[in-house]
Asks: 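I'd like to ask you about the structure that follows.
Here, residue 1 is the first one in the sequence, and each next residue gets the next number. When a ligand or atom number is given, it counts from 1 through the structure's own listing order.
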Amino acid sequence: AALAAPDTAGVAAALRSAVTAGAPGAMARIDDHGTAYGLTRGLADRSTRRALTTDDRFRIGSVTKTFSAVVLLQLVDEHRLSLDAPVNRYLPKLLPDDRITVRHLLSHRSGLYDYTNDMFADSESGFEAVRNKVFTYRQLVDLSLKKPRTNAPGAAYAYSNTNFVVVGMLIEKLTGHSVRTAYEERVFKPLKLHDTFYVHPRTTIPGRYARGYLDPGRAGAPLIDATAQTVSWAQSAGAIISSTRDLDTFYSALLRGRLLSAARLREMERFSRVDSTTAYGLGLRRRSLPCGVSVYGHTGIVQGYYTYAFATKDGSRSLAAVANTSNNGQVQQAMWGVLDSAFCGKSAK
Ligand SMILES: C[C@@H](NC(=O)[C@@H](C)NC(=O)CCCC[C@H](NC(=O)C[NH3+])C(=O)[O-])C(=O)O
């Protein structure tokens, strides 16, 4: 059945409520069969009071995980590795259990502990402690291996950034290049994503961008400008920079089969249930909306930025939205309303 037309008034209302809830700015870009709608609210920069625009670049956090999954699945298409092989076949002795497979990493079923749980237990001091740090992949994996695994390999879904750090190690080992080169050659250039960058470990965002503000989580405490950071704590799990336009292009192209073989895209879309509205495939989330429409993409949280990037299964309608704050559950909740209006239309209410 054809989708209801995007409810742009509903999107604008959701952005307004995100700003009311504490985001300096919020924006959304919908691409519906090639027709683009851009909606913005509030500020890109609190000190200059510059207004947010849909041209502003931002840090996309875990939306990076879909980019990393695409690159690794292209390598599967090229027979460079297989999904059900042990990770240790390609990275000898890295993991303490030969039963952990490549597929377990991409579907968050490896059981590898998420080191960010400890790293950001205290949001503000945790961030300040790492914002200028540069980690090796190995150091991040070692942080994880200090803690017990959450489940036996394949036994359960447990979201963990560690999985996509190991994905980055696999990409570098199998291609002989950095993940930056792999992203650029395999995704950014082919899709002409001119606003999309992987600049780790540099802390600056190229060109025009929105500043991001971390909410310290203490009533009355001022927002922290979190824009400048290495994001070395995340790397292939969360360090890509992009724009709403490029994320719309990326998820539409992916779901239209432009980046992977049909067989591999089908693997990516083998979803296991996470909760009543969410399921996870391989680096790809499925979100079931109240109106019965399911959308496919990923969310991202990095200090200063909440990102939402989803599309219909056929890629004909895509949405990318961002609020330039984080650690604020009210803003996070308000932004989900953008998806409802973008994909369910006025019936969303
Ligand atoms: C969940 C999300 N995951 C990601 O995007 C990854 C890259 N981010 C995280 O794991 C959260 C890091 C802490 C953020 C910090 N929170 C705290 O410090 C909480 N104490 C903040 O909100 O800025 C996703 O997959 O959608």
Asks: Any donor-acceptor pair under 3.5 Å linking the side-chain atoms of T181 with those of S178?
Replies: yes
Asks: Heavy-atom contact check, 4.0 Å cutoff: does H298 meet ligand 1?
Replies: yes
Asks: Taking N or O atoms only and a 3.5 Å limit, does T299 qualify as a polar contact for ligand 1?
Replies: yes
Asks: Could an N or O of ligand 1 be found under 3.5 Å from any N or O of I301, whether backbone or side chain?
Replies: yes
Asks: Aromatic contact between Y251 and H298, with the criterion being ring centroids under 6.0 Å apart: yes or no?
Replies: no
Asks: Give a yes/no on ligand 1: does Y159 have at least one heavy atom closer than 4.0 angstrom to it?
Replies: yes
Asks: For atom 16 (N) of ligand 1, which protein heavy atom lies nearest, and how many Å away is it?
Replies: N327 OD1, 4.2 Å
Asks: First locate atom CZ of F197, then atom CG of D246, and finally report the distance between them rounded to the nearest 0.5 Å.
Replies: 8.5 Å
Asks: For atom 7 (C) of ligand 1, tell me which residue out of S62, S326, A234, A121 has the closest non-hydrogen atom.
Replies: S62
Asks: Have a look at G304, G61, G300, S123 and point out the one with the heavy atom closest to atom 17 (C) of ligand 1.
Replies: S123
Asks: Once you restrict to heavy atoms under 4.0 Å, what part of R285 touches ligand 1? Side chain, backbone, both or neither.
Replies: side chain
Asks: Find out whether F135 and V130 are in side-chain contact, i.e. whether some heavy atom of one side chain is under 4.5 Å from a heavy atom of the other.
Replies: yes
Asks: Please check if atom CD in Q330 has more than 12 non-hydrogen atoms from other residues, nucleotides or ligands closer than 6.0 Å.
Replies: no
Asks: If the cut-off is 4.0 Å to any non-hydrogen atom of N161, which atoms of ligand 1 fall inside it?
Replies: 6 (C), 7 (C), 9 (C), 10 (O)
Asks: Can you tell me if Y115 and S160 form a side-chain donor-acceptor pair at under 3.5 Å?
Replies: no
Asks: Using a plain distance cutoff, I'd like to know if V302 has any nitrogen or oxygen under 3.5 Å from a nitrogen or oxygen of ligand 1.
Replies: no
Asks: Is it the side chain (CB and beyond), the backbone, both or neither of L214 that lies under 4.0 Å from ligand 1, heavy atoms counted?
Replies: side chain
Asks: In the single-linkage hydrophobic clustering (I, L, V, M, F, W, Y; side-chain heavy atoms under 4.5 Å), do L73 and V71 co-cluster?
Replies: yes
Asks: With a heavy-atom distance limit of 4.0 Å, tell me whether A237 approaches ligand 1 through its side chain, its backbone, both, or neither.
Replies: backbone
Asks: Below 4.0 Å, non-hydrogen atoms only: which portion of D122 touches ligand 1? Side chain, backbone, both or neither.
Replies: neither
Asks: Among all protein heavy atoms in this structure, tell me which lies nearest to atom 15 (C) of ligand 1, with the distance rounded to 0.1 Å.
Replies: Q303 NE2, 4.2 Å
Asks: Would you say E124 touches ligand 1, if touching means a heavy atom closer than 4.0 Å?
Replies: no
Asks: Is the terminal nitrogen or CZ of R46 (NZ for Lys, CZ for Arg) located under 6.0 angstrom from the six-membered ring centre of Y213 and within 45° of that ring's axis?
Replies: yes
Asks: Suppose we measure from atom 12 (C) of ligand 1 to each protein heavy atom; which comes out shortest, and what is that distance?
Replies: W233 CH2, 3.6 Å
Asks: In the protein, which heavy atom is nearest to atom 13 (C) of ligand 1, and how far is it?
Replies: F120 CD1, 3.7 Å
Asks: Can you measure from CD1 (I240) to NE2 (H200) and round to the nearest 0.5 angstrom?
Replies: 12.5 Å
Asks: Kindly assign one of parallel, tilted or perpendicular to the pair W233 and F120, based on the angle between their ring planes and the thresholds 30° and 60°.
Replies: perpendicular
Asks: Distance only, no hydrogens: is a donor on one side chain within 3.5 Å (strictly under) of an acceptor on the other, for T175 and E172?
Replies: no
Asks: Strictly under 4.0 Å, does any heavy atom of G126 approach an atom of ligand 1?
Replies: no
